[in-house]
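A short worksheet on the structure shown next.
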Amino acid sequence: MRAALYDPLGTALPDPATARGWRRPELAVMRALGGVHAQRARRIQAAGAPADMPAATVASPPPPTEQPRTDASGGPAAEAPVTASGTEQPPAPAVTVNIPPRNARFVGRQAQLQTLADHLAAQDIVCLLPDARHGSGAVGTSELALEYVYRHVRDYDLVCWIPAERNGLVLAGLAGLAVRLGADDTDRGPLPADAAVPAVLRALRTGTPYRRWLLVFDNAEDVETVRRHLPAGGPGKVLVTSRNRSWERAATPVTVGALKREESVLLLHKHASALPAEDAGRLAEALGDQPLALEQAGAWLEDTGLGADAYLGLLEGQLAAAGALEADPGLPAALAAAWDVSLERLGQTHPDARRLLDRCAAMAAEPIPLALLHAGRSAGDTPDGDRLGDPVEQARSVRALGRLALAKVDHRTRTLRLHRLLHTLLPARMTTEQRERTRESVHRLLAAARPGSHTVPQEWSAYWSLLPHVLASQAVTSTDPQLRALVHDTVLFLHHRGDHEGATALGEQARAAWLTVSGEENGAVLRITKTYAMLLRRAGRIAESAPLTEKALEVSRRTAPDSRDLVDSLCELADARRHQGRFQEARDLDEEATELARSLFGDEDPLALRATHAWGADLRLCGQFAQALPLDEENARRCELLLRPSDPLTLESLNAVAVDMRESGDYPGARDFQEDLYRWARSELGEEHPLTLRTAGHLAVCRRRDGALAEAALLSEETLRRCTARYGPDHPASLSAAVGAAVDRRLAGDLDRSRRLDETTAQRLAARLGEDHLCTLVVRAHLAATLRAFGRLDQAQDMEDDVSHRLEATVGPRHPATLTLAIGRASTAYAGLEFERAREIDQANLSLLAEVAGERHPLTLSCTAHLALDLRGLGRGAEADALQRTAVQGLGAVVRADHPWLTAARRRRRVDCDLAYVPL
């Protein structure tokens, strides 16, 4: 089995003649693993699974009809496996993900089920909608979709049910497919949603490893939220349930209305089999043949043992009283009255269950973990004086809700869920005081259920399950410190898991609510302000972020002069200054933070390590690579000793060392160092990990600077592809990868693609950071070099002159970027045969490079070689020969023998020097 775990598709099945007892355990393991292992499970089953081995974890579909079997695309299905005895076995059912339990009382809908099957056979996307008479829902579109899934589960290889009311739920549902599709590596932990979702969509589009897949997006009210996450063009199918009729323009609709009368009677008989048909008909008439209302009536009859007349009398009374209380004008009056009958019964017989139901209504209309309802007891909290803190009483209350069909309990996932319309109705049946008291009790439950660190993968499922209830219960309005901590953790969790929009929205809500109630000096307000400001910077909203971070530092200096909060505030404002392009201010702030953290907490404290790393980043952006190198080397050594090797700060610190080495002129050493680091990251973190991608980007530059142009180009293109697929083109990681790829394209002679990539990258950086930011100007300088290579010298010179003025104004005339650009400006003049202008630029630049970078730096030596060419163009051959010898000898001592720069110097050609793009 070990070989099969590593290579499930390539490993042969054991020989039954020599191997015994292997089928049952291996089949169970392969099914549990899913993904590509599920294909091996099907091979095992086709070879003859044990007779008592269950075929699937889902309920068995109805017996097949005599019709020839087709798959979901309408074509002939795959041949059913045949055993050694010659009998045909049914095809293996799909791998199922997140499918709710089957409704044992589902009745009728045969015409809609057939229409749905026909449409899914012919179309890629089908939507179930309430008909025009039932626009509010309540007709069972989700139940119909669920019944279709169970009846047709063998038509698919993979079926996944995705709650789709909010973007975060869609992301979580799709990300949960990553392991099943082989798009995630369970050994290294789950991918963030912003990486897992693109990987899942790619796998679905290509049909790898499953071609016949079905995604069900349940309660998809926002069309665009779902559409942007659909695997367009894939071989599978999409089924949507919604009340939003805009789906009619995006999918093939199937409308659902009330039940037929005979179906209504059958549904009532599922609950009360002794109910006379005439009485069942009267109930169906009074309830408008609405399945939800009929379910309520049937459950009441079953629970009370009373007859139709008693129920109809109560229903008429509720109808008379309920009109003014309806929360939703679209909610059918008969359904509201039916629920009120059941609620009255519940309040009389199980008052604790009634209170539990109200608490559920203060949460989201999503599955509620039963563990959350137990959390109050673990915290010693039994609000309202009820007995729900007792697990026995709570279990009785849950059963009472189930008996009256007021909630569905999924014992497999240990969750409880209300119908969305009941969830809407219940708050309207409470007074303002009751709603507030109920919300407070839910807040206590949430606070008690707070998971561990948001960075620990084992806690992520708990965060996902609590998220909808944190939002729906308006947890941001609470002043409870524990609940505020949960809200803050949830913001960071959403950001960490890739839902940046959701994180920013929740952070904004929390800050506004807490600031109003608690004031700017409150610790929770201070922390959420800095987190929200950080999220704004990540979204490119720099102008909004900076004032918030400035205010946070001012408050920290005033209220906590010797604290971690102050160190953190210094680092956060330094980060804001880096995004603004004010690098010297950032350097001073991070230096202060480092010295304060070391004096208060010691050199080896994690906060001191973080501040030191940020200080090194500032030095690099200021062009002070030689000063950054010893600082980063010592910090990396401490991180390796004190933190995990895979800790982000450890790997980032080692990356920083390589950049310092490279920009200080040690091209071979930097490349060797970075090659080792990249090998480790690929092995331990995987190809798609953010830190691996960042390490790959740095390595591509190291290879280029070391003269390995072809290897650099391959890696930079692959890194750009991976980053863009994972993050989209506007993410900082994608922009950084694009900068490197454009340079490599130019050096490979692919000028047009280089120019296009530089133009779009410069536009994106300008929109994100501004026209005068160093990052934007570096790309524009690269674009000017490409224009020079095209022979468009006037355009190149105009752009270089503009960039030069901007660089001198922002980072100064002695910054390495300004000096490297000057090498290009001189090359443009030289290409236009303006030898005297080229000489003036190179001669002035050479003395500055010698001071700033050192006489033995490859850039200084390249400038020396260029000055020799300028002099030769002016007819000063003897001076040119001496300078050329100096340049060749110097480059020969610091770069590899076959380095393009050394070759160019020997052959009296100019060197194409790219500017260092240092990520923020």
Side-chain angles (χ1 to χ4, degrees), residues 540 542-543 578-584 621-623 735-736 738-743 745-747 751-846 848-849 852-853 859 862-863 866 870 910-920:
I542 314 300
R578 286 194 291 275
H579 281 78
Q580 291 177 300
R582 295 157 63 173
F583 304 132
Q584 293 183 355
L621 288 163
C622 288
L735 294 171
S736 179
V739 174
V743 172
R745 290 176 185 180
R746 183 179 76 242
L747 295 178
L751 301 183
D752 196 52
R753 291 179 68 232
S754 174
R755 175 188 58 79
R756 291 200 304 269
L757 185 57
D758 270 334
E759 286 175 345
T760 57
T761 304
Q763 291 169 1
R764 289 186 167 117
L765 284 168
R768 189 178 188 88
L769 300 172
E771 294 280 355
D772 291 330
H773 196 281
L774 174 62
C775 293
T776 307
L777 295 174
V778 165
V779 179
R780 292 191 64 214
H782 291 166
L783 178 57
T786 303
L787 293 174
R788 182 197 319 131
F790 268 120
R792 303 175 188 174
L793 301 183
D794 290 343
Q795 290 178 265
Q797 181 177 324
D798 290 345
M799 186 171 290
E800 286 170 336
D801 289 346
D802 179 62
V803 172
S804 179
H805 292 317
R806 292 174 186 267
L807 283 174
E808 289 186 11
T810 53
V811 297
R814 296 171 60 86
H815 193 283
T818 309
L819 302 179
T820 308
L821 175 65
I823 295 176
R825 292 175 60 223
S827 293
T828 301
Y830 183 88
L833 305 182
E834 298 180 59
F835 300 131
E836 179 58 29
R837 183 171 186 269
R839 184 200 63 77
E840 290 176 358
I841 297 173
D842 278 331
Q843 194 155 354
N845 198 31
L846 181 58
L848 286 173
L849 277 168
V852 173
L859 286 174
S862 296
C863 187
H866 288 186
D870 303 335
R910 296 186 80 88
V911 173
D912 191 341
C913 302
D914 60 282
L915 280 67
Y917 182 88
V918 180
L920 301 179

Donor-acceptor pairs under 3.5 Å, side chain of residues 787-799 to any protein atom, not counting sequence neighbours: which ones?
residue, atom, partner, partner atom, Å
R788, NE, T828, OG1, 2.9
R788, NH2, E800, OE2, 2.8
R788, NH2, G824, O, 3.1

(request) Quick one: do L777 and V811 satisfy side chain to side chain contact (heavy atoms under 4.5 Å, CB included)? Show the steps, please. (result) CA-CA 11 Å; L777 295 174; V811 297; over 6 Å; no
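- In this structure, the separation between CG on N845 and OG1 on T820 is 8.0 Å, given to the nearest 0.5 Å.
- Residues passing the side chain to side chain contact (heavy atoms under 4.5 Å, CB included) test with R756, sequence neighbours excluded: D752, R753.
- With sequence neighbours left out, the side-chain hydrogen bond (donor to acceptor under 3.5 Å, both in side chains) criterion links D842 to R910.
- The salt bridge (Lys or Arg N to Asp or Glu O under 4.0 Å) contacts involving residues 813-831 comprise D801-R825, R814-E851, where partners must be two or more places apart or lie in separate chains.
- In terms of heavy atoms, C913 sits closest to I823 at SG-CG2, 4.2 Å.
- Distance check: L846 CG to C863 SG gives 4.5 Å after rounding to the nearest 0.5 Å.
- Applying the ring-ring contact (aromatic ring centres under 6.0 Å, His included) criterion to H815, with sequence neighbours excluded, gives no partner residue.
- Residue pairs meeting the salt bridge (Lys or Arg N to Asp or Glu O under 4.0 Å) criterion with at least one partner in residues 759-777, sequence neighbours excluded, are D730-R764, R755-E759, D772-R806.
- Here D912 pairs with R746 under the side-chain hydrogen bond (donor to acceptor under 3.5 Å, both in side chains) rule; sequence neighbours left out.
- In this structure T761 satisfies the side chain to side chain contact (heavy atoms under 4.5 Å, CB included) test together with L735, A738, V739, L757, L765, V779, sequence neighbours excluded.
- Listed by chain and number, the residues in a ring-ring contact (aromatic ring centres under 6.0 Å, His included) with Y917 amount to none (sequence neighbours excluded).
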(message) Let's go through T810 and L774 carefully: what are the C-alpha distance in whole Å and the side-chain angles of both, what is the deciding distance for side chain to side chain contact (heavy atoms under 4.5 Å, CB included) to 0.1 Å, and is it a yes or a no?
(response) CA-CA 8 Å; T810 53; L774 174 62; over 6 Å; no
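- A distance of 4.5 Å separates OG of S804 from CD of E808, quoted to the nearest 0.5 Å.
- Not counting sequence neighbours, Q763 has no partner by the side chain to side chain contact (heavy atoms under 4.5 Å, CB included) test.
- Not counting sequence neighbours, the partners of E836 by the side chain to side chain contact (heavy atoms under 4.5 Å, CB included) test are R839, E840, L874.
- Listed here is the closest heavy atom pair of A916 and V778: O-CG2, 3.9 Å.
- A side-chain donor-acceptor contact under 3.5 Å links T818 to the backbone of G812.
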(message) Between V852 and L819, does the side chain to side chain contact (heavy atoms under 4.5 Å, CB included) criterion hold? Intermediate values first, please.
(response) CA-CA 9 Å; V852 173; L819 302 179; 4.0 Å; yes
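- The heavy-atom pair separating A838 from A826 by the smallest distance is CB-O, 3.5 Å.
- The backbone N or O of L915 lies less than 3.5 Å from a partner atom in the side chain of H782, making a donor-acceptor pair.
- Not a single salt bridge (charged side-chain N to carboxylate O under 4.0 Å, His left out) links D758 to another residue, sequence neighbours left out.
- The minimum heavy-atom distance linking R578 with F583 is given by the pair O-CE2, 3.4 Å.
- Summarising the geometry of L920 relative to C775, their closest heavy-atom pair is CD2-SG, 4.2 Å, with the distance given to 0.1 Å.
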